[in-house]
Amino acid sequence: VYANTFLKVNLNENLFFKQTFGGDFRFTKNREFFGVEATRNGARDSRSNRSSSVRWHSVSESTLNFSKEFGSQSINAVAGFAYEKWDTEETQISSAGYTNDLIQTIPGANVTGAEMVEYQESLISYLSRVNYTLKDRYLLTASLRTDGSSKFGPETKYGLFPALSAGWNVTQEPFFP
């Protein structure tokens with residue numbers, strides 16, 4: 001199940017704020033059964049594995065967007081904050097020693113292993129980008145993003161990701177056919 005919604009507020013003709021909320025929910029269930037008739041060794045190799053997983057993922061993003069034209073120049077900028085969180089619960093149980101293929105439930109054999117795991121992951125981001133255009137020909141973009149993640153190591157919880165690019169729209173040049 002996926003869902004997403006947003007609220008956009010125009011603060012003036014050049015500036016607007018946008019708040020986005022979204023997320024998804026996943027439930028998966030797996031079942032394997034290798035019965036007595038499935039192998040040469042019969043009951044000795046019979047086994048069953050069952051697992052299930054529940055995962056909630058939520059996203060919140062807030063951005064402030066600016067856009068303005070000054071004659072033959074234009075500038076577009078965005079600054080924002082984003083937060084994502086994943087909550088996961090996984091269970092797994094294994095059994096072996098089935099005496100026939102008619103009863104495939106876990107109590108029909110010996111439990112050989114069981115496990116339940118719960119964990120959370122999160123990501124927090126601060127982002128900014130500025131686009132500058134001159135005469136619809138010359139383009140310059142600079143961006144800076146800082147991400148903090150629960151997956152990063154204990155000594156480096158945040159990463160800084162800068163970027164710079166330039167472009168030339170040659171089709172807008174007078175000499176271009």
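Fair warning: this is a prediction, and the values are worked out from it, not measured in the lab. In what follows, residues are counted from 1 in the order of the sequence shown.
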Shortest non-hydrogen contact between [X] and [Y], atoms and distance:
X	Y	result
N14	K68	ND2-CD, 2.9 Å
S46	G35	CB-C, 3.9 Å
E61	Q19	O-NE2, 3.2 Å
T171	N169	OG1-OD1, 2.7 Å
E69	S74	CG-CB, 3.8 Å

Side-chain hydrophobic cluster, 4.5 Å single linkage: members besides Y138: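 Listed partners: Y132, L134, L140, L164, W168, V170, F175, F176.
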Whichever hydrophobic residues join L11 through chains of side-chain contacts under 4.5 Å: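 Answer for L11: L7, V9, L15, F17, L64, F66, F70, I75, V130.
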Side chains of residues 79-94: which donor-acceptor pairs under 3.5 Å do they make with residues two or more places apart or in other chains?
residue, atom, partner, partner atom, Å
E84, OE1, H57, NE2, 2.7
W86, NE1, H57, NE2, 3.4
D87, OD1, Q120, NE2, 2.6
E90, OE2, Y119, OH, 3.3
T91, OG1, S52, OG, 2.7
Q92, NE2, S94, OG, 2.5
S94, OG, N49, OD1, 2.9

Step-by-step side-chain contact (heavy atoms from CB on, under 4.5 Å) determination, T20 to V59: CA-CA 8 Å; T20 303; V59 179; over 6 Å; no
Return the set of residues passing ring-ring contact (aromatic ring centres under 6.0 Å, His included) with [X] (not counting sequence neighbours), or none when no residue passes.
X	result
F33	Y98
F25	W56
F152	none

Polar side-chain atom of N10 near backbone of N12 as donor-acceptor pair, under 3.5 Å: no
Which residues pass the side-chain hydrogen bond (donor to acceptor under 3.5 Å, both in side chains) test with [X], not counting sequence neighbours?
X	result
Y126	none
D101	none
N65	T63

F161 six-ring face occupied by R145 cation (under 6.0 Å, within 45°):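 Output no; distance or angle outside limits.
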Residue pairs involving residues 25-40 (criterion salt bridge (charged side-chain N to carboxylate O under 4.0 Å, His left out); sequence neighbours excluded):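 Output for this query lists D24-R26.
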Sequence neighbours excluded, every pair satisfying side-chain hydrogen bond (donor to acceptor under 3.5 Å, both in side chains) that has a member inside residues 149-160: E121-K151
Set of residues satisfying side chain to side chain contact (heavy atoms under 4.5 Å, CB included) with respect to R129, sequence neighbours excluded: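 Testing R129 for side chain to side chain contact (heavy atoms under 4.5 Å, CB included), a comparison that skips the adjacent residues, returns N76, V78, N131, T141, S143.
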